[in-house]
Amino acid sequence: LSIRIPETVSSHYLPSVLKRFRQRHSKVNFVFMNCVYFSLPEDLKAGIVDLGFLITDTFQMENLTTETLCSIPLVMVAHPMHPLAGTSDINISNLKHEPLIAPANDCSYMRMLEGLLAEQKVELTMVWQLNSIAAVKQVLISGTGYSVLPEVVVREELAAGTLSILPWRAGLTTANLLMIWQKNKWLPPILQEFMQMIREDLSDDSVQAH
């Protein structure tokens, strides 16, 4: 099974699904690939991938079926001593000249931020894309820039005090985790079973309890 999946899902939610799945099907091979927003429709149509996931607000295309699995809480974070952390409420214009540290492999919720900024006619001057969430967090911990990330990936850093949530009341608070596949295409039973396990483990109640 070939699947495109955001890093947040593969590192925080997928392991328990795979453990259960392997107990039933010990000989199934998986290939998990980075989440690529723009190429996902073509990859599904061509059969390069069997299933895709995105963390975003909505995603609709004529030949694809999209199912909302759960909501993913988002937070804006930076080092506790970052200048933005000392304000009572961040105005969107405050972000203009600060480097946004973005995870290239986590996919799509950054597009939500870009859309929000575009609505306010705010153009960011610095966007640094790094190849992993771990790298993003280390740059933030060093005191450079800010980022918008799923709350689950920074939970330990927030508890340890190495990162702090920035007070952006008008900002993004949640995104949706979407499961996407080719419409009107026969799905192998093994894939259908995997999708059902994902539904069971990534319902809103399950994710909030994680």
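Keep in mind that what you see is a predicted model, and the values were worked out from it rather than measured.
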S.K.: Can you see which heavy atom on W181 is nearest to which on D50, and at what distance?
M.R.: CB-O, 4.2 Å
S.K.: What is the minimum heavy-atom distance between L177 and V9, and which atoms define it?
M.R.: CD1-CG2, 3.7 Å
S.K.: Can you spot which of L166, T162, I101, L158 makes a side chain to side chain contact (heavy atoms under 4.5 Å, CB included) with V77?
M.R.: L158
S.K.: Compare every heavy atom of M179 with every heavy atom of I198, then report the nearest pair and how far apart it is.
M.R.: CG2-SD, 4.2 Å
S.K.: List the steps and the verdict of side-chain contact (heavy atoms from CB on, under 4.5 Å) for F53 and I3.
M.R.: CA-CA 8 Å; F53 296 86; I3 299 170; 3.7 Å; yes
S.K.: Just by modelled atom types, is the T68 backbone N or O under 3.5 Å from a matching donor or acceptor in the N176 side chain?
M.R.: no
S.K.: Any chance you could lay out the side-chain contact (heavy atoms from CB on, under 4.5 Å) test for H79 and L140, step after step, and finish with the verdict?
M.R.: CA-CA 6 Å; H79 188 275; L140 297 175; over 6 Å; no
S.K.: Would you mind reporting whether I5 and L14 have side-chain heavy atoms less than 4.5 Å apart?
M.R.: yes
S.K.: Any donor-acceptor pair under 3.5 Å linking the side chain of T66 with the backbone of F59?
M.R.: yes
S.K.: Any side-chain heavy atom of Q192 sitting closer than 4.5 Å to one from Q196?
M.R.: no
S.K.: Check side-chain contact (heavy atoms from CB on, under 4.5 Å) between E156 and all other residues, then give those that pass, not counting sequence neighbours.
M.R.: none
S.K.: Between K183 and E62, is the closest basic N to carboxylate O distance under 4.0 Å?
M.R.: no
S.K.: Taking the side chain as C-beta and beyond, is there a heavy-atom pair between L178 and L69 under 4.5 Å?
M.R.: no
S.K.: Tell me if a side-chain donor or acceptor on R4 pairs with a main-chain N or O of N34 at a distance below 3.5 Å.
M.R.: yes
S.K.: Can you tell me if CD on Q23 sees more than 12 non-hydrogen neighbours from other groups inside 6.0 Å?
M.R.: yes
S.K.: Please tell me if the side chains of T56 and M112 come closer than 4.5 Å, counting only heavy atoms from C-beta onward.
M.R.: yes
S.K.: State, yes or no, whether a side-chain contact exists between Y109 and D57 at a heavy-atom distance under 4.5 Å.
M.R.: no
S.K.: Using only atom types and a distance under 3.5 Å, with no angle test, would you say the side chain of S26 pairs donor to acceptor with the backbone of R22?
M.R.: no
S.K.: Is a side-chain donor or acceptor of E7 paired with a backbone partner of I133 at a separation under 3.5 angstrom?
M.R.: yes
S.K.: Taking the side chain as every heavy atom from C-beta outward, state whether V75 and V148 have any pair of such atoms under 4.5 Å apart.
M.R.: no
S.K.: For the residue pair A85 and P80, what are the closest heavy atoms and their distance?
M.R.: CB-O, 3.4 Å
S.K.: Return the set of residues passing side-chain hydrogen bond (donor to acceptor under 3.5 Å, both in side chains) with E98 (not counting sequence neighbours), or none when no residue passes.
M.R.: H82
S.K.: Below 4.5 Å, heavy atoms only, C-beta onward: do P99 and Y146 meet side chain to side chain?
M.R.: no
